[in-house]
Amino acid sequence: MIRLDHVVGVRQFDRPLLDALFALACEMEGLVAAGDAKRLRGRILATLFFEPSTRTRLSFEAAMYRLGGEVLSVESGRETSSIAKGETIEDTIRIVQGYADAIALRHPEEGAAARAVAVARVPILNAGDGAGEHPTQALIDLYTIGRELGRIDGLRVALVGDLRYGRAARSLALLLSETRDTEIVCVAPPGLEPRPDVLGWLDDRGVRHREERDLAAVLPGVDVVYQTRVQRERFSGESPAGGGGAAYAIDEAAMARLPSHAIVLHPLPRVDEIAPAVDTDPRAAYFRQANPGLSVGRALRGACVVSSPLTGCGWLAGSW
Ligand code: CP
């Protein structure tokens with residue numbers, strides 16, 4: 001039995017839990033393909049999004065519908081919900097939990113998911129809290145690495161781009177600490193290096209890591225390139241990287257330096273940090289990466305509600 005109450009950050013996942021979750025996701029892919037997945041009939045997920053999203057909100061909602069459940073959705077919540085009138089996130093959660101069995105929350109403030117958990121009686125799924133974490137994305141990313149390369153251990157992973165404000169890269173770096181014999185190579189423009197708490201976590205967990213500036217020199221020695229967008233919405237003025245971001249882009253010349261077995265991932269959306277010409281390269285796995293979102297989101301949500309003592313209903317127990 002997988003035990004999850006809320007999903008706030010990746011540090012709550014240990015290796016046995018990850019292995020069980022990924023096995024469940026694999027199993028559920030088969031169930032949905034066989035048309036045998038209506039276990040959430042009569043259940044409602046609320047998606048509260050106070051920041052833009054394409055993949056995360058729609059994959060949560062698609063997963064719910066595919067499993068026979070229903071969705072209440074707030075998109076552009078800063079403009080369209082009572083947050084615009086000054087309501088706090090705590091009061092919003094107190095109300096919405098009366099309408100739904102679980103809540104997926106995206107919010108611009110780091111720590112918003114933890115604030116929601118503090119008052120919630122239903123499971124909270126963090127769908128991104130500012131520059132904090134994006135745990136479901138990191139789960140999808142690690143699951144994709146396993147599917148693409150056949151393993152999640154013994155890999156050298158280059159995290160590239162905005163490693164300071166990019167919550168997906170931040171969560172993946174933290175989650176990689178649950179893999180074995182991993183080396184992380186951080187390749188960030190000046191000013192966008194990983195925050196000290198991430199590096200400290202990796203040190204404490206004995207994960208090898210180093211910082212490099214020269215992406216071209218790093219590429220021949222890696223198994224995974226995890227490219228990220230500069231999070232311009234987190235800056236009030238110019239990017240700390242200035243105009244230097246182009247030096248960190250993946251183009252055809254960069255791909256020529258990458259080993260034939262390696263893959264390129266990106267949480268998306270991309271802007272200009274991966275050239276469209278790279279899309280047809282078989283090593284470009286970022287659109288394949290977006291597809292497991294459905295199965296992992298489904299498994300995560302199911303596991304969350306199955307095991308949650310908060311709901312206590314056990315309405316998924318034994319049903320997968
Ligand atoms: N990867 C991701 O979070 O995409 P969206 O912002 O489109 O949800």
Side-chain angles (χ1 to χ4, degrees), residues 7-10 25 45-66 71-81 102-113 116 124-145 147-148 157 159-176 192 224-235 250 263-274 276 279 284-301:
V7 178
V8 177
V10 294
L45 172 74
T47 53
L48 298 185
F49 276 57
F50 300 96
E51 277 193 331
S53 170
T54 298
R55 276 146 293 274
T56 308
R57 187 172 65 83
L58 293 182
S59 72
F60 268 117
E61 296 185 1
M64 201 65 190
Y65 286 122
R66 294 276 189 202
V71 172
L72 296 174
S73 191
V74 172
E75 57 170 313
S76 307
R78 276 194 284 190
E79 292 80 37
T80 62
S81 80
I103 298 171
L105 174 68
R106 172 169 288 190
H107 196 278
E109 278 179 33
E110 188 169 341
I124 300 293
L125 303 166
N126 182 4
D129 62 328
E133 280 226 40
H134 196 347
T136 59
Q137 179 67 49
L139 290 166
I140 289 163
D141 298 338
L142 193 56
Y143 184 73
T144 303
I145 290 171
R147 280 180 29 147
E148 293 282 331
V157 180
L159 303 177
V160 184
D162 184 351
L163 307 185
R164 185 167 194 82
Y165 299 100
R167 58 194 173 201
R170 177 176 160 80
S171 286
L172 181 59
L174 294 169
L175 191 61
L176 283 168
L192 297 179
V224 178
V225 175
Y226 191 85
Q227 176 67 295
T228 64
R229 174 179 67 88
V230 174
Q231 308 282 299
R232 296 188 187 281
E233 65 272 34
R234 308 270 174 241
F235 311 135
I250 301 291
I263 55 171
V264 179
L265 299 178
H266 190 307
L268 303 175
R270 71 162 158 194
V271 184
D272 53 7
E273 62 280 350
I274 298 180
D279 295 353
Y286 32 90
F287 291 121
R288 298 194 293 276
Q289 176 188 5
N291 289 329
L294 195 65
S295 59
V296 175
R298 207 159 39 217
L300 189 66
R301 182 175 311 108

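None of these values were measured; they are calculated from a predicted model. All ligand and atom numbering here is 1-based and tracks the order in the structure.
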Student: With sequence neighbours left out, write down each residue that passes side-chain hydrogen bond (donor to acceptor under 3.5 Å, both in side chains) with R234, or none if nothing qualifies.
Tutor: E51

Student: Do D279 and R270 sit within salt-bridge range, that is, some charged N less than 4.0 Å from a carboxylate O?
Tutor: yes

Student: Under a 3.5 Å distance rule, please check whether N126 uses its side chain to pair with a backbone N or O of V8 as donor and acceptor.
Tutor: yes

Student: Once rounded to the nearest 0.5 Å, what's the spacing between atom CD1 of I140 and atom CG of L172?
Tutor: 11.5 Å

Student: For R57, is there an ion pair with E75 - N to carboxylate O distance below 4.0 angstrom?
Tutor: yes

Student: At less than 4.0 angstrom from any atom of ligand 1, which residues have a non-hydrogen atom? List them by chain and residue number.
Tutor: S53, T54, R55, T56, R106, H134, Q137, P267, L268

Student: Given side-chain contact (heavy atoms from CB on, under 4.5 Å), test I145 with Y226 step by step and report yes or no.
Tutor: CA-CA 10 Å; I145 290 171; Y226 191 85; over 6 Å; no

